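Notes follow once the structure below has been shown.
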Number of protein chains: 2
Amino acid sequence: MKRRDVTVPVLPDGPHGAPDTDRDRLIACAELLFFAYRDFINDPDKVLDEYGFGRAHHRVLHFVNRNPGLRVADLLDILKITKQSLARVLKQLIDEGFIAQRSGKEDRRERLLHLTAKGTRLAEKLANLQIKRIGKALDSAGTGAGEATRRFLFAMIAEKDRDRVEHLIRLPNAPHEKEANAPASSQSQERP
Amino acid sequence: MKRRDVTVPVLPDGPHGAPDTDRDRLIACAELLFFAYRDFINDPDKVLDEYGFGRAHHRVLHFVNRNPGLRVADLLDILKITKQSLARVLKQLIDEGFIAQRSGKEDRRERLLHLTAKGTRLAEKLANLQIKRIGKALDSAGTGAGEATRRFLFAMIAEKDRDRVEHLIRLPNAPHEKEANAPASSQSQERP
DNA sequence: GAATTTACGTCAGCTATGTTGACTTATTTG
DNA sequence: CAAATAAGTCAACATAGCTGACGTAAATTC
C-alpha cells in the first residue's frame, strides 16, 4: 500500500466554527463499543473453534454456568433468540456432554439445565480469558473505571430489561443498589 | 412464563467465606457488555430493516460517513472481514445509491468511497439513534463516566489495533491524550 | 518495456446463526 | 376433562461471515 502525504482537516469544524466535540465524544463511544466488542469476542472464539463451537454455544455455556438450573424459557429470554435457534446449539451441547438436563421436581415439564464437569471446565476456561482482558482493561482505565463502566453499560440496556439483568448478574453493588434477588430462574430447589 | 418464588443464595461465598467479589465484578462487566451491545445494536436494526439492510450495511455507512474518501482496503482493515463479505453489502449500497465511488486522483486503482446525499441522510439518522442512547446512558452513569468508559473500551481493543483505532476515532481528547491525527485512510499518510 | 505487485471486483460454494410457522408430547392448571 | 404451558422438532429461509480461485487495470520494479 502506498502512502501519500496529504494534509487533511483532523477535526472538521462544526456549524459554528468550533469542533462539535460533544457529539464527537458520543460517536467515539459508539465506535469504541464496536471495536471493543469485536475483540472481546475474539479470544474465546479461538478456543471455541477447537471444539467446533461458536459464540452461540459460548453464551449458553456461560449463562448456564452462572445460573445452574436455568430453564430453557429463561435462556430464551436472556439471549433474545428463538427456540429453534437455541435448540440447535443446545442439542449439540447436550449430545456432546457439556450440558445435562434434569426434570424439574415441582414442574416436571421443565428441563433444568446444568453444566457437566466437562462443560464447567470449558465455561471456566472461556470466562477466564474474558476476565483477564477485562481486568487488564480496567486497570489501565484507572480507578473508578469499573464502577463507571458498569453504570454506563447497565444504562445502555433497554429499560424493560434492566430489572431482569440486574437480578441476573447479581453484582455485589449493583448499578442502582437495588436489593439483589433470585437469578432469573436459577437454582430453584432441585438437586436431590 | 411462570416465575417461582424461591429463596436462593444471592451471592455465593467464595473459598474463604467471603464473596468472590473481584471476579464477580469482572464477570458482571462481561455480561453487561453483552447486554449493552445487544441493545445498542437494536434501535438502528429496526430502521435498517425498512431499507432491507442489516448491521453490515450500517457499519459501512458509518465508517464511510465518518471517513469520506476511505478506500476499500481500509474498510476491510477496520471491519476485519473478508473482501467477499464486504463486496456483497458494498455492492448493494452502491447499486441503491447510498455510496459513490471515485477513482483515486493519484492512484487510479483506488476506489475512494463517499456517501451520497441519500447515504448521508440514512447514516445520520442511524448515528443519531445511537448517540441519543449513549448520551442518556452517560448522563445516568454520572460525571466522569464518559472519560472512564472510553478509556476502558479503548483498552479492551487488541493492542496491535489501538493506534489505528485511535487515529480513526480522532477524539478531541483521545484515551491517552496522544495528539489526534488524520483518519485511518482517508486521504491519509499512515500505515506501517 | 516487460514483469511483478497492488487494489479491486467477482464466481462458486460452505458454515454459523438467526428467522417464521406448524405440529407433537408431556404435564400442569382451571 | 379441557385448556394452557414447557419443551422438542420439522421444514424452509435469510444474513453475514468464511475459503479458494481467478480477472483486470494500474502502478511499481527490474
Side-chain angles (χ1 to χ4, degrees), chain A residues 1-4 34 37-38 41-42 44-46 48-49 51-61 69-95 99-113 184-185 188 190, chain B residues 1-4 34 38 41-42 44-46 48-49 51-61 69-95 99-113 185 188 191:
Chain A
M1 191 178 312
K2 199 188 56 162
R3 307 130 119 270
R4 270 164 303 152
F34 165 70
Y37 195 79
R38 186 193 67 181
I41 278 303
N42 207 39
D45 271 5
K46 290 176 202 153
L48 288 159
D49 245 25
Y51 292 78
F53 292 152
R55 286 169 204 183
H57 303 84
H58 183 189
R59 294 198 271 263
V60 172
L61 284 170
L70 203 63
R71 296 175 309 153
V72 171
D74 294 320
L75 206 40
L76 290 177
D77 203 69
I78 289 169
L79 302 176
K80 299 248 188 281
I81 58 173
T82 57
K83 198 172 29 162
Q84 294 77 356
S85 286
L86 176 58
R88 203 160 23 205
V89 298
L90 189 52
K91 194 172 187 312
Q92 274 183 279
L93 289 167
I94 291 168
D95 288 351
I99 286 189
Q101 293 176 311
R102 299 181 203 151
S103 294
K105 212 172 81 181
E106 287 194 354
D107 185 336
R108 288 170 41 221
R109 288 171 306 180
E110 296 175 351
R111 306 295 167 86
L112 308 182
L113 304 172
S185 97
S188 73
E190 41 71 55
Chain B
M1 184 182 318
K2 197 186 63 162
R3 287 330 258 327
R4 271 165 302 153
F34 164 71
R38 187 192 66 182
I41 279 303
N42 208 39
D45 271 6
K46 290 176 202 154
L48 288 159
D49 245 26
Y51 292 78
F53 291 152
R55 287 168 204 184
H57 303 83
H58 184 191
R59 296 198 268 264
V60 172
L61 284 170
L70 204 63
R71 296 175 309 154
V72 171
D74 295 320
L75 206 39
L76 290 177
D77 203 70
I78 290 169
L79 301 176
K80 299 247 189 281
I81 58 175
T82 58
K83 199 171 30 160
Q84 295 79 351
S85 288
L86 176 59
R88 203 159 24 200
V89 299
L90 189 53
K91 195 172 188 309
Q92 274 182 280
L93 288 167
I94 291 168
D95 288 353
I99 286 189
Q101 292 176 312
R102 298 181 203 149
S103 293
K105 212 172 80 182
E106 291 194 354
D107 186 336
R108 288 171 40 224
R109 289 172 306 180
E110 298 175 348
R111 308 295 167 84
L112 308 182
L113 304 172
S185 87
S188 100
R191 167 114 245 192

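Just the heavy atoms: all of them, side chains too, but no hydrogens, waters or symmetry mates, feed the values below. Small disclaimer: the values here were computed from a predicted structure and weren't measured. So that the names make sense, note that chain A is the first sequence line, chain B the second, and so on, each numbered from 1.
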A:Ile81 or B:Ala87, whichever maps to the more 5' nucleotide of DNA chain C: B:Ala87
Base C:dG9 paired with B:Lys83 side chain (donor-acceptor, <3.5 Å): yes
Residue mapping more 5' on DNA chain D - nearest nucleotide basis, A:Leu113 or B:Thr82: A:Leu113
Side-chain N or O of A:His57 closer than 4.0 Å to phosphate OP1/OP2 of C:dA16: no
A:Leu113 side chain reached by A:Val60 side chain, heavy atoms, under 4.5 Å: no
Position toward the 5' end of DNA chain C (nearest nucleotide), B:Leu90 or A:Arg55: B:Leu90
Distance, rounded to the nearest Å, where A:Arg71 contributes CZ and D:dG8 contributes P: 12 Å
Heavy-atom closest pair, residues B:Arg108 and B:Lys105: CG-O, 4.2 Å
Distance-only donor-acceptor test, A:Gln84 side-chain atoms vs C:dG21 base atoms, 3.5 Å: yes
Nucleotide of D:dA16, C:dT17, C:dA7 approaching B:Glu110 most closely (side-chain heavy atoms): C:dA7
Contact under 4.0 Å: A:Ser85 side-chain N or O vs C:dT19 OP1/OP2: yes
Any N/O donor-acceptor pair, A:Arg108 side-chain to C:dT27 base, under 3.5 Å: no
B:Arg111 side chain near D:dA26 phosphate (N/O to OP1/OP2, under 4.0 Å): no
Closest to side chain of A:Ala56, choosing from C:dA7, C:dT17, C:dT20: C:dT17
B:Leu93 CG to B:Leu61 CG distance, which is reported to the nearest 0.5 Å: 5.0 Å
Derivation of the side chain to side chain contact (heavy atoms under 4.5 Å, CB included) call for A:Asp77 and A:Asp74: CA-CA 5 Å; A:Asp77 203 69; A:Asp74 294 320; 5.6 Å; no
Sugar-phosphate only, base, or nothing, as touched by A:Gln92 at under 4.0 Å among non-hydrogen atoms: nothing
Integer-rounded Å distance: D:dT9 P and A:Leu86 CG: 12 Å
